[in-house]
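Have a look at the structure below, then the notes.
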Amino acid sequence: GGTTLVACDKLAFPAGVFVGSDGYRYSTGLVGAADAAVRGDPTDPDIPEGGWSEVWVAAAHGVGKTFLAALVSEHHFSVEGHPVLTTAPTTHQVENLLWEQGIRTNRIKSRIPLPGRVLTKEIKTSRPDWWARGFSTDKPERAQGVHMDDLLIVVDEGAGVESPIYGALKGYFTNPGVKMLVIGNPSANRNNEFYKAFHERRGQVGLVNISAIGCPYVPAEWVEARRREWGMDSIEYITKVLGQFPSDASDKALPMPSIEASGELWDHPEVAVRRTGVFSAVALDVAREGADKCALVGLDGQSIQVLKY
């Protein structure tokens with residue numbers, strides 16, 4: 001259910017010139033791995049036949065995740081001939097990052113003509129079922145649109161997109177062949193769909209983590225400086241350098257590894273023998289707001305049992 005990649009694999013493209021062919025067909029390395037996860041790869045037993053319907057990519061800082069999103073979008077549009085819908089939390093991120101620095105810049109550098117006429121955040125063709133568009137909204141109803149077969153939805157800065165927007169995007173999956181690629185930076189925040197994909201939905205969606213270590217776009221001196229400044233066990237280093245989710249969140253009173261380790265002691269003989277079935281104390285944690293829930297627990301010997309959650 002998960003893949004870890006080093007970002008320098010982005011450079012692993014064949015050196016030959018493919019006459020009369022679009023080079024995107026021969027992408028390997030990081031771009032090829034993301035593309036295979038979306039479209040399927042018969043040589044990879046971890047990817048289901050036909051690819052994952054959703055692929056979520058957690059990337060370190062500076063590794064070129066927007067570049068990756070632009071290339072996968074271009075492949076789906078220009079090579080496969082299918083529509084593409086892109087989004088991000090803000091208009092700036094859609095227009096100036098994914099479209100201006102990604103898709104438009106990539107097309108300027110292309111050695112062969114690519115189909116369609118490029119506008120600020122749209123590619124138009126003469127076919128009504130063949131287009132690429134970008135949008136940003138905080139209103140779920142505006143995230144809905146015309147349903148198309150074989151649509152690719154690309155979400156940049158996925159950790160910043162609210163849950164209702166993802167819910168609206170799921171409506172497109174009623175059509176056959178629809179895929180979604182979500183790219184973002186991991187953080188300690190656990191109350192978003194980006195975090196849930198890598199933890200609660202593992203095995204149900206395609207997952208990729210991209211590290212900054214070894215990346216040609218991230219100086220080794222920067223990585224070493226961050227290691228000394230932050231420490232390898234810090235949340236900043238784990239998220240911004242390794243591209244991983246930290247095991248602890250900033251709003252937790254107890255480290256998550258300690259909580260998980262204590263749970264494994266439930267059946268330990270020395271712990272179990274002290275349980276009498278009578279609670280010597282109970283505690284109620286009242287929920288405040290958001291995704292928080294009320295929790296009622298009881299203390300029996302050395303064991304805490306959840307009574308209501």
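Not one N or O on the side chain of Arg107 forms a donor-acceptor pair closer than 3.5 Å with the backbone of Ile103. Under the 3.5 Å distance criterion, the side-chain polar atoms of Thr125 are matched with a main-chain donor or acceptor of Trp130. In this structure, the side chain of Thr105 does not engage the main chain of Gly102 through any donor-acceptor pair within 3.5 Å. In this structure, His61 contributes its side chain and Asn185 its backbone to no donor-acceptor pair below 3.5 Å. Side chain of His199 to backbone of Tyr195: a donor-acceptor contact under 3.5 angstrom is found. Put simply, the side chain of Asn209 gets close to the backbone of Gly243: a donor and an acceptor are under 3.5 Å apart. Panel note: side chain Trp266, backbone Val271; no donor-acceptor pair is recorded below 3.5 Å.
Between Asp156 and Thr66 the shortest side-chain heavy-atom distance falls below 4.5 Å. Side-chain contact check for Leu169 versus Val155: some heavy-atom pair is nearer than 4.5 Å. Within the 4.5 Å cutoff, the side chain of Ile235 has no heavy atoms near those of the Ile238 side chain.
From Asp233, atom CG reaches atom CZ of Arg227 across 11.0 Å, with rounding to the nearest 0.5 Å. Rounding to the nearest 0.5 Å places CD of Gln305 at 10.5 Å from CG of Leu296. Of the inter-residue distances, the one linking Trp99 atom CH2 with Ser73 atom OG reads 8.0 Å to the nearest 0.5 angstrom. In this structure, Met180 CE and Trp52 CH2 are separated by 13.5 Å, a value rounded to the nearest 0.5 Å. Between Ile153 atom CD1 and Lys170 atom NZ the span is 9.5 Å, to the nearest 0.5 Å.
The aromatic rings of Phe245 and Phe198 lie tilted to each other, with the angle between the two planes from 30° to 60°.
Here the closest heavy-atom approach between residue Val241 and residue Ser211 is recorded as O-OG, 3.5 Å. In plain terms, the two heavy atoms of Val278 and Asp300 that are nearest each other are O-OD1, 3.5 Å.
A salt bridge does not link Arg117 with Glu122: every distance from a Lys NZ or Arg NE/NH1/NH2 to an Asp or Glu carboxylate oxygen is 4.0 Å or more. Here Arg201 does not pair with Glu193 in a salt bridge; the nearest charged N to carboxylate O distance is not below 4.0 Å. Under 4.0 Å is where a charged nitrogen must lie from a carboxylate oxygen, and between Arg274 and Glu270 no such pair does. Looking at Arg104 and Glu100, a side-chain N of the basic residue comes within less than 4.0 Å of a carboxylate O on the acidic one, giving a salt bridge.
Applying the ring-ring contact (aromatic ring centres under 6.0 Å, His included) test to residues at least two apart or on different chains, the pairs with a partner in residues 134-193 are Trp56-Tyr166, His147-Tyr172.
No single ILVMFWY cluster, assembled from side-chain heavy atoms under 4.5 Å apart, contains both Leu68 and Leu97.
A side-chain N or O of Glu74 and one of Ser78 form a donor-acceptor pair less than 3.5 Å apart.
Residue Glu162 qualifies as open at atom CD: its count of foreign heavy atoms under 6.0 Å is 12 or below.
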